[in-house]
Amino acid sequence: MNGKFLKPYDPKENEEAIYASWEKSGYFNPDNLPARHKKPFTVIMPPPNANGSLHTGHAVFVTIEDLIIRYKRMRGYKTLWLPGADHAGFETQVVYEKQLEKEGRTRFGMDPMKLRDEILAFTLANKSFMENQLRQLGASCDWSREKFTLDREIIDIVYQTFKKMNDDGLVYRSQKSINWCTKHQTSLSELETISEERIDPLYYMKYGPFVLATVRPETKFGDTAIAVNPKDKRYKNWIGKVIEFEGLIGPVKLKVIGDDYVDQEFGTGVVKITPAHDPNDFLVAQRHNLPVVEVIDQYGKLNDRCGKYAGMKVEEARKQVAIDLEKKGMLEKVEQNYKHAVKKCYKCERILEPRILPQWFVKMKPLTEPAIKYIKNGKIVFYPEHYKKIMLHWLNNIEDWNVSRQIVWGIPIPAWYKGNKIHIGEEAPDDGWKKETDTFDTWFSSGQWPFATLGYPNHSDYKKFYPTQVMETAGEIIFFWVARMIMLGLYRTGKLPFNVVYLHGIVTARDSKKMSKSRGNIISPIVLTDKYGTDALRMGLIIGNTPGTTTALYEEKIKAYKHFANKIWNVARFVLENTNGMGSKKGTLDKKDTKLKKELMALLKEVTDDMENFRFYLAGEKLYHYLWHTFADKILEESKSIFQGNDDKAKMSRRKVLYEMLLLQLKALHPFVPFVTEAIWSLLPEKKNLLMIEEWPIK
RNA sequence: GCGCGCGUAGCUCAGCUGGUUAGAGUGCGUCGUUGACAUCGACGAGGUCCCCUGUUCGAAUCAGGGCGCGCGCACCA
């Protein structure tokens with residue numbers, strides 16, 4: 001027996017070399033797999049954001065996807081797990097801005113090209129760092145096919161999609177009310193906002209003959225009309241008339257319009273229309289051809305249209321306006337406990353300002369319709385299944401997608417302007433065109449990831465590996481990413497990009513709270529692998545992780561699975577010691593041992609069933625339990641007395657069965673704990689292939 | 001306001017289509033092991049399966065209601 005077994009299993013000593021041997025074998029690449037691997041099986045890796053180190057969320061998806069891929073590889077599929085990295089536009093720019101702040105610098109005023117180059121260098125450094133961490137977690141992905149969202153061939157495909165959408169009338173550039181972050185100086189899509197309930201004062205202001213209610217008196221300088229409901233008997237005679245009164249900074253003249261948007265029951269039934277700073281008012285303004293007067297600038301300060309209030313921040317101006325209205329007797333009353341919702345930036349949690357800016361939008365209805373049809377017909381299976389409902393609900397209530405961001409870090413929107421003319425393309429058609437400076441929402445490119453990474457439409461990989469089989473990711477990004485991949489995949493290729501969506505549970509800290517820097521409860525997966533070994537971490541992330549729920553991760557749990565890895569090691573040691581290096585030589589099993597083996601095979605059948613049905617947490621637990629509490633505690637214990645006895649036939653049979661059962665369990669456990677099983681495999685007396693490409697015990 | 005999920009041993013969680021004394025890991029107690037196991041083994045204590053009503057021969061599991069927690073969506077100024 002190999003002397004290595006005399007020590008406990010040491011992950012540190014083994015893991016790096018084992019990973020290197022896998023990588024060197026070339027079997028991560030489906031093209032190099034032996035001939036029995038015929039049918040393609042593809043998983044596209046959710047590309048981690050290349051702006052920091054891996055967190056537990058990454059560790060979960062790596063573990064589960066690697067588990068799926070290793071299992072399918074052993075079952076004889078031509079498995080491709082395609083890794084990638086995301087430039088993660090806004091996310092990365094925010095991270096980099098924080099770094100700049102620490103250095104006492106700011107992105108504003110910087111040469112955009114220089115800023116872009118700096119972030120690129122930052123991203124590429126993080127990218128290679130992150131790739132090594134993926135290796136450390138045991139990811140058996142095909143590095144030769146790795147893609148980055150800013151690779152030229154990816155950008156080309158993204159541009160083709162944009163062009164096609166333009167030709168099909170699915171994109172448009174238009175002035176609309178958008179969500180503007182005054183810190184980050186960019187617009188955001190609906191998904192990048194969080195809405196928060198707030199209690200604020202509701203101010204009842206006198207407007208000439210009317211009294212009207214508002215939470216934002218400071219926007220009054222941008223009013224361009226007064227609106228009432230046309231059915232409202234109190235006011236309908238006013239419609240079409242112009243009211244005049246003395247405001248805070250001079251005389252005010254406003255037209256009264258009638259619009260169904262106004263709710264007679266709310267407040268006084270009279271609304272001031274401020275198109276520049278309220279999305280609903282903007283819609284009203286469009287219906288009535290009202291002018292749009294901006295009074296709040298991009299930094300959230302009142303501009304020079306606001307007289308003495310110019311330069312004040314919104315909150316400050318609100319208070320001051322209220323005080324001055326009071327003084328002038330124009331404030332009828334204030335309701336203090338008005339409950340309403342405000343939208344905030346999901347990154348800095350500042351209140352977003354609605355602003356009217358020209359932006360690029362994607363029309364969603366034509367994209368959602370086919371997606372809804374496929375999902376309704378069950379062409380995509382969701383784990384857990386209730387996400388089907390959630391997805392349909394979202395798709396049915398979607399708004400057009402703002403894809404332009406006013407940041408440098410991203411794929412530039414390929415557009416040019418000359419007067420009223422717009423040209424789509426990377427190059428200007430001739431002289432005198434002005435280039436678009438906005439970049440795409442990062443999800444516009446990652447939403448095309450499955451077919452873009454495979455080289456749609458002509459690459460042989462696309463033909464062989466698309467559609468992919470499973471999309472495994474976090475439930476949190478189902479709308480950001482999964483929904484868009486479905487829509488854009490259908491749009492470009494006419495096929496669903498995958499037919500299974502598996503959404504793993506979010507990993508929380510022990511107290512079931514989300515891990516976050518501010519809570520200080522972050523556990524680094526890399527620290528855990530260093531301490532307890534990757535196999536232990538993987539088991540800890542698989543067992544107890546049911547799709548769609550949260551899973552608490554804590555150190556004792558991982559420690560327990562380190563013991564399990566060591567248990568496997570010692571079980572193997574015992575078996576090899578007592579079988580005298582016999583390997584799988586011929587011989588016959590007696591009745592009792594035949595039965596033992598049969599029982600194991602029955603369990604492996606169950607495990608296979610669980611794997612096929614995405615019940616990884618059950619499969620892992622069953623294998624764990626069998627090895628420890630049946631194989632080790634019962635069978636090995638009983639074998640001790642057989643080996644000490646005089647029945648040579650029984651000894652021969654037992655040797656053979658233990659060895660065979662060990663091999664079976666190593667195979668079945670490999671996808672879960674690849675390192676320790678491969679380490680043991682390499683120490684077997686017979687010369688063998690890598691365990692990684694052995695056949696799964698059940699057909 | 002609408003929607004989704006969760007509530008099972010001290011802690012973290014399983015329990016798939018309802019079926020014998022409700023499970024695992026961890027923690028706790030007792031005893032034993034140091035020639036597979038920087039340990040491990042055996043045994044044990046510990047649960048009104050949130051509450052109520054119902055369906056059923058039978059419910060932690062299904063239906064209705066309630067309480068508690070978490071999350072998503074939502075333009076009423």
Side-chain angles (χ1 to χ4, degrees), chain A residues 1 5-10 177 190-191 194-195 197 202-205 212-217 219 227 261-274 277-284 338-343 354 384 386-394 396-399 475-476 478-479 505-506 508-514 539-540 543-546 548-578 606 609-610 613-615 617-618 620-622 624-625 628-629 632-634 636-637 639-640:
Chain A
M1 199 191 60
F5 274 120
L6 297 177
K7 287 194 299 175
Y9 176 66
D10 181 4
S177 182
E190 294 305 312
L191 280 177
I194 45 178
S195 57
E197 277 213 344
L202 183 65
Y203 301 91
Y204 284 76
M205 309 188 292
L212 56 82
T214 181
V215 279
R216 300 201 63 181
T219 62
Y261 154 69
V262 182
D263 180 352
Q264 301 181 43
E265 309 295 321
F266 186 89
T268 57
V270 184
V271 188
K272 69 188 190 70
I273 300 297
T274 321
H277 302 292
D278 185 287
N280 297 311
D281 291 5
F282 182 73
L283 296 176
V284 173
Y338 177 61
K339 210 161 101 179
H340 69 133
V342 294
K343 283 187 178 178
H386 74 259
Y387 268 92
K388 176 176 172 175
K389 272 193 236 168
I390 296 176
M391 175 71 94
L392 286 171
H393 182 260
W394 186 75
N396 281 318
N397 293 290
I398 203 164
E399 281 181 39
E476 289 175 294
I478 182 168
F479 305 140
I506 295 170
T508 64
R510 171 147 211 165
D511 56 4
S512 296
K513 295 257 164 59
K514 212 172 161 174
M539 281 300 271
I543 295 181
N545 189 330
T546 45
T549 61
T550 59
T551 308
L553 182 73
Y554 44 91
E555 228 171 302
E556 302 97 292
K557 190 170 167 185
I558 307 304
K559 198 173 157 190
Y561 291 116
K562 181 192 162 102
H563 291 161
F564 178 58
N566 196 47
K567 189 75 182 181
I568 304 172
W569 182 256
N570 279 296
V571 160
R573 172 178 169 185
F574 178 89
V575 171
L576 295 178
E577 262 177 5
N578 287 287
E606 261 182 55
D609 253 26
D610 289 334
N613 291 294
F614 298 87
R615 296 188 295 254
Y617 51 101
L618 278 183
E621 209 175 319
K622 283 175 184 168
Y624 172 97
H625 223 250
W628 201 313
H629 299 300
D633 291 351
K634 298 208 171 75
L636 295 192
E637 288 303 321
S639 302
K640 286 177 186 172

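Within every chain, numbering begins at 1; the chains are lettered A, B, ... in the order of the sequence lines, protein sequences first and strands thereafter. Since the model is a prediction, treat every value here as computed from it, not as a measurement.
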Return no unless some side-chain N or O of A:Trp628 is found under 4.0 Å from OP1 or OP2 of B:G41. yes
Both distances under 3.5 Å, Watson-Crick or G-U wobble: report the partner of B:C28, or none. B:G44
My understanding is that a pair needs two contacts under 3.5 Å, Watson-Crick or G-U wobble. By that rule, which nucleotide pairs with B:A22? none
Just by distance, do the side chain of A:Asp610 and the backbone of A:Leu618 share a donor-acceptor pair under 3.5 Å? no
Rounding to a whole Å, what distance do you find between A:Glu476:CD and B:G5:C1'? 15 Å
Can you tell me how far P in B:A36 sits from the matching atom in B:U26, rounded to whole Å? 22 Å
CE (A:Met391) and CG (A:Asn396) are apart, to the nearest 0.5 Å, by 11.5 Å
What does B:U33 pair with, Watson-Crick or G-U, if both distances are under 3.5 Å? none
What nucleic acid atoms does A:Phe479 come within less than 4.0 Å of, heavy atoms only: base, sugar-phosphate, or nothing? sugar-phosphate
May I ask you to say what A:Asn566 touches in the nucleic acid, namely base, sugar-phosphate or nothing, with a heavy-atom cut-off under 4.0 Å? sugar-phosphate
Please determine if A:Lys640 and A:Glu637 form a salt bridge, counting it only when a charged side-chain N lies under 4.0 Å from a carboxylate O. yes
Pick the nucleotide of RNA chain B nearest each of A:Gln264 and A:Asp610; which residue has the one closer to the 5' end? A:Asp610
Taking the P atom of each, how far is B:G5 from B:A63, in whole Å? 11 Å
What's the gap between B:C49 and B:A22 when it is taken at their C1' atoms, as a whole Å value? 8 Å
Rounding to a whole Å, what distance do you find between A:Lys640:NZ and B:U34:P? 11 Å
Reckon A:Val262 touches a base, only the sugar-phosphate, or nothing at all at heavy-atom distances under 4.0 Å? base
Start at the 5' end of RNA chain B and walk down; is the nucleotide closest to A:Tyr624 or to A:Lys634 reached first? A:Tyr624
Suppose we define a pair by two distances each less than 3.5 Å, Watson-Crick or G-U wobble; what does B:A38 pair with here? none
Under 4.0 Å, counting only non-hydrogen atoms across every strand here, what does A:Leu636 touch: a base, just sugar-phosphate, or nothing? base
Given the P atoms of B:A9 and B:U48, what is the spacing between them in whole Å? 9 Å
Distance col, row A:Arg615:CZ vs A:Thr546:OG1, nearest 0.5 angstrom, shows 13.0 Å
Check the phosphate of B:C16 against A:Asn613, side-chain N and O only, distance under 4.0 Å to OP1 or OP2. Yes or no? no
Say you pick atom P in B:G44 and the same atom in B:A24; how far apart are they, in whole Å? 12 Å
Using whole Å, report how far CG of A:Asn570 lies from C1' of B:U34. 13 Å
If the C1' atom of B:G70 is compared with that of B:U34, how far apart are they to the nearest Å? 49 Å
Nearest-Å distance once atom C1' is located in both B:C16 and B:G3: 26 Å
Could you let me know what B:C2 is paired to, Watson-Crick or G-U wobble, both distances under 3.5 Å, or none if it's on its own? B:G72
Could you work out the separation of B:C62 and B:U55 based on their C1' atoms and round it to a whole Å? 8 Å
Taken to the nearest whole Å, NZ/A:Lys622 to P/B:G15 is 11 Å
Would you classify A:Glu637 as touching base, sugar-phosphate or nothing, given that sugar-phosphate means primed atoms plus P, OP1 and OP2, and contacts are heavy atoms under 4.0 Å? base
Using a 4.0 Å heavy-atom cut-off across all strands, classify A:Ala227 as base, sugar-phosphate, or nothing. nothing
How many Å lie between CD1 on A:Ile558 and P on B:G25, as a whole number? 16 Å
Distance check: side-chain N/O of A:His629 vs OP1/OP2 of B:A42, anything under 4.0 Å? no
Using a 4.0 Å heavy-atom cut-off across all strands, classify A:Pro279 as base, sugar-phosphate, or nothing. nothing
B:C73 C1' sits how many Å from A:Leu392 CG, rounded? 14 Å
Take atom CG of A:Asn397 and atom P of B:C4, then tell me their distance rounded to the nearest Å. 13 Å
For A:Asp278 and A:Asp281, indicate whether the former's side chain and the latter's backbone hold a donor-acceptor pair under 3.5 Å. yes
Do side-chain atoms of A:Asn397 reach the backbone of A:His393 as a donor and acceptor pair under 3.5 angstrom? yes
Aromatic ring pairing A:Tyr561/A:Phe564, orientation class (parallel under 30°, perpendicular over 60°, tilted between): perpendicular
Rounded to the Å, how far apart are A:Lys343 NZ and B:C76 C1'? 14 Å
Of the nucleotides B:C73, B:G25, B:A14, which one has an atom closest to the side chain of A:Glu621? B:A14
Donor-acceptor pair present, A:Glu399 side chain and B:A74 base, under 3.5 Å: no
Is any side-chain nitrogen or oxygen of A:Lys557 closer than 4.0 Å to OP1 or OP2 of B:U26? no
Base, sugar-phosphate, or nothing: which does A:Asp281 touch, judged by heavy atoms less than 4.0 Å apart? nothing
Distance below 4.0 Å between A:Tyr617 side-chain N/O and B:C16 OP1 or OP2: no
Assigned partner base of B:A14, Watson-Crick or wobble definition, under 3.5 Å: none
Please determine if a side-chain N or O atom of A:Thr546 lies less than 4.0 Å away from the OP1 or OP2 oxygen of B:A14. yes
Below 4.0 angstrom, N of the basic side chain to O of the carboxylate: do A:Lys559 and A:Glu555 qualify? no
